[in-house]
Amino acid sequence: MAAVVNGVLVWELQAGYPKLSGKQGDEKIVAQYAASVAALETQLPAFFTPFDAAAWPSCYNLSYLILTERSVEPDAAGQHYVVTLTYSNPEGEATSSTVTEEVELTSQDESVPIEQNPNYLTNWNNRLIAKGGFTATPAWWATARTKVTGSEYYAWIGVSDQVPEGWVELQAAVKPHLSTFLGGVKVVRVTKRSRTKTALQNDANDDYKLVDPPEKFGIAGDWLRGGSSIKRDGKYWVMTVDFTNARNIDGDVYGEA
């Protein structure tokens with residue numbers, strides 16, 4: 001693979017290279033070149049460039065190797081540079097399996113049915129009615145939190161409902177125009193980085209399950225893990241996944257089968 005222009009060395013593979021070493025799944029190829037200054041600008045490959053296995057019949061099955069290391073040093077005579085390129089498998093056993101983790105708490109605003117407000121009272125958005133002849137307002141009207149009256153003579157109806165025949169309205173709704181309130185959902189976003197994607201793929205097996213995030217920030221309740229996103233970012237694989245908090249998540253739906 002010599003490249004000589006007008007008798008001037010430009011880019012030449014050195015004798016004895018490329019060199020292959022390592023066990024299966026963790027191979028490494030080292031190639032060394034003599035190069036001119038001009039060649040460095042045009043021939044020097046970028047990191048993560050795939051190994052050109054097609055150019056080396058003996059390495060035809062190693063096209064998954066990528067450029068992970070490179071060095072450029074002037075030769076002793078100072079006439080050209082010695083370029084050393086190392087191609088390896090970022091998923092190989094020699095690659096660090098360490099997973100780094102970042103955790104972030106956010107809140108998502110949303111309109112929540114007023115019935116889910118912790119201070120909710122039934123009389124906020126419901127009217128109390130009674131069968132004809134009953135005119136006394138029961139004491140529980142001011143404190144009730146459900147529509148269950150425990151009496152066949154009293155009932156709750158909505159703001160726009162018609163009073164049934166034979167019944168009379170005893171109390172109007174206290175907050176007739178209130179149907180929702182501004183609430184928030186707590187979300188913990190977890191970002192993990194690893195040189196190997198296997199660890200992240202295994203982690204993603206917990207998607208759509210009742211799983212606590214690594215940090216709950218003191219928030220009580222159940223946590224539902226969403227779907228993971230895994231992508232490559234330079235030399236790392238990056239996974240992002242959200243955990244959504246709720247006071248009670250249906251375990252029949254999201255629990256283990």
Side-chain angles (χ1 to χ4, degrees), residues 101-192 202-230 239-257:
E101 185 176 87
E102 297 177 8
V103 183
E104 176 188 10
L105 174 66
T106 62
S107 297
Q108 297 178 356
D109 293 341
E110 64 175 14
S111 293
V112 182
I114 191 59
E115 290 81 4
Q116 295 183 25
N117 188 287
N119 300 321
Y120 174 73
L121 295 174
T122 309
N123 64 18
W124 283 6
N125 61 342
N126 290 282
R127 298 141 64 201
L128 181 67
I129 60 175
K131 283 188 176 180
F134 286 84
T135 59
T137 299
W140 48 257
W141 169 84
T143 58
R145 295 184 179 274
T146 73
K147 287 187 175 184
V148 178
T149 65
S151 170
E152 62 179 299
Y153 302 108
Y154 295 96
W156 294 98
I157 62 174
V159 174
S160 60
D161 293 340
Q162 294 291 326
V163 178
E165 185 176 351
W167 292 68
V168 295
E169 180 177 328
L170 294 183
Q171 295 289 342
V174 175
K175 305 177 188 293
H177 303 296
L178 188 63
S179 59
T180 63
F181 72 102
L182 182 62
V185 176
K186 299 296 184 181
V187 177
V188 171
R189 172 159 294 182
V190 178
T191 302
K192 295 185 177 183
N202 292 337
D203 193 305
N205 289 332
D206 285 334
D207 286 356
Y208 306 111
K209 294 180 181 178
L210 286 171
V211 180
D212 287 344
E215 172 58 58
K216 296 191 288 186
F217 296 92
I219 301 171
D222 296 327
W223 294 87
L224 177 62
R225 174 177 172 140
S228 298
S229 169
I230 300 176
M239 182 186 76
T240 303
V241 61
D242 289 343
F243 294 77
T244 302
N245 177 260
R247 292 187 180 88
N248 184 21
I249 296 176
D250 194 329
D252 291 336
V253 177
Y254 296 105
E256 294 288 346

### Task
Evaluate the side chain to side chain contact (heavy atoms under 4.5 Å, CB included) criterion for residues Leu121 and Arg145: first the C-alpha distance (whole Å), next the side-chain angles of each, then the deciding distance (0.1 Å), finally the verdict.
CA-CA 5 Å; Leu121 295 174; Arg145 295 184 179 274; 4.0 Å; yes
#### Entry: Qualifying side chain to side chain donor-acceptor pair (under 3.5 Å) pairs, either residue in residues 134-144, two or more places apart
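Sorted result for residues 134-144: Thr137-Gln171.
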So which heavy atom on [X] is nearest to which on [Y], and how close?
| X | Y | value |
| --- | --- | --- |
| Lys209 | Asn205 | NZ-O, 3.4 Å |
| Trp124 | Ala173 | O-CB, 3.7 Å |
| Ala204 | Ile230 | CB-CD1, 4.5 Å |

Tell me which donor-acceptor pairs under 3.5 Å the side chains of residues 125-133 have, and how far apart each pair is, sequence neighbours excluded?
unit_1: Asn125; atom_1: OD1; unit_2: Tyr120; atom_2: OH; d: 2.7
unit_1: Asn125; atom_1: ND2; unit_2: Glu115; atom_2: OE2; d: 3.0
unit_1: Asn126; atom_1: OD1; unit_2: Lys147; atom_2: NZ; d: 3.2
unit_1: Asn126; atom_1: ND2; unit_2: Tyr120; atom_2: OH; d: 3.3
unit_1: Asn126; atom_1: ND2; unit_2: Thr122; atom_2: O; d: 3.1
unit_1: Arg127; atom_1: NE; unit_2: Glu169; atom_2: OE1; d: 3.1
unit_1: Arg127; atom_1: NH1; unit_2: Gly158; atom_2: O; d: 3.0
unit_1: Arg127; atom_1: NH1; unit_2: Val159; atom_2: O; d: 3.0
unit_1: Arg127; atom_1: NH1; unit_2: Asp161; atom_2: O; d: 2.7
unit_1: Arg127; atom_1: NH2; unit_2: Glu169; atom_2: OE1; d: 2.9

Counting C-beta onward and ignoring hydrogens, is there a side-chain heavy-atom pair between [X] and [Y] closer than 4.5 Å?
| X | Y | answer |
| --- | --- | --- |
| Tyr154 | Pro138 | yes |
| Asn245 | Asp222 | no |
| Pro213 | Val103 | no |
| Asp203 | Met239 | yes |
| Thr149 | Trp156 | yes |
| Val163 | Val168 | no |

Could you tell me the separation between the [atom1] atom of [X] and the [atom2] atom of [Y], rounded to the nearest 0.5 Å?
| X | Y | atom1 | atom2 | result |
| --- | --- | --- | --- | --- |
| Phe181 | Lys175 | CZ | NZ | 13.0 Å |
| Leu178 | Ile114 | CG | CD1 | 4.0 Å |
| Leu210 | Phe243 | CG | CZ | 11.5 Å |

### Query
So which of Asp207, Asp212, Thr244 actually passes side chain to side chain donor-acceptor pair (under 3.5 Å) with Arg225?
Asp207
### Message
Going by side-chain contact (heavy atoms from CB on, under 4.5 Å), name the residues that satisfy it together with Leu105, two or more places apart in sequence or in a different chain.
### Response
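Only Lys186, Val188, Phe217, Ile219 meet the side-chain contact (heavy atoms from CB on, under 4.5 Å) criterion with Leu105.
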#### Entry: Criterion side chain to side chain contact (heavy atoms under 4.5 Å, CB included) on Glu110 and Val185, from CA distance to verdict
CA-CA 8 Å; Glu110 64 175 14; Val185 176; 3.3 Å; yes
### Task
Applying side-chain hydrogen bond (donor to acceptor under 3.5 Å, both in side chains), name anything that partners Gln108, two or more places apart in sequence or on another chain.
none
### Query
With sequence neighbours left out, what residues match Asp242 under salt bridge (Lys or Arg N to Asp or Glu O under 4.0 Å)?
Arg189
### Task
Apply ring pair (Phe, Tyr, Trp, His ring centres under 6.0 Å) to Phe134 and list each qualifying residue two or more places apart in sequence or on a separate chain.
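Listed in chain order: Tyr153.
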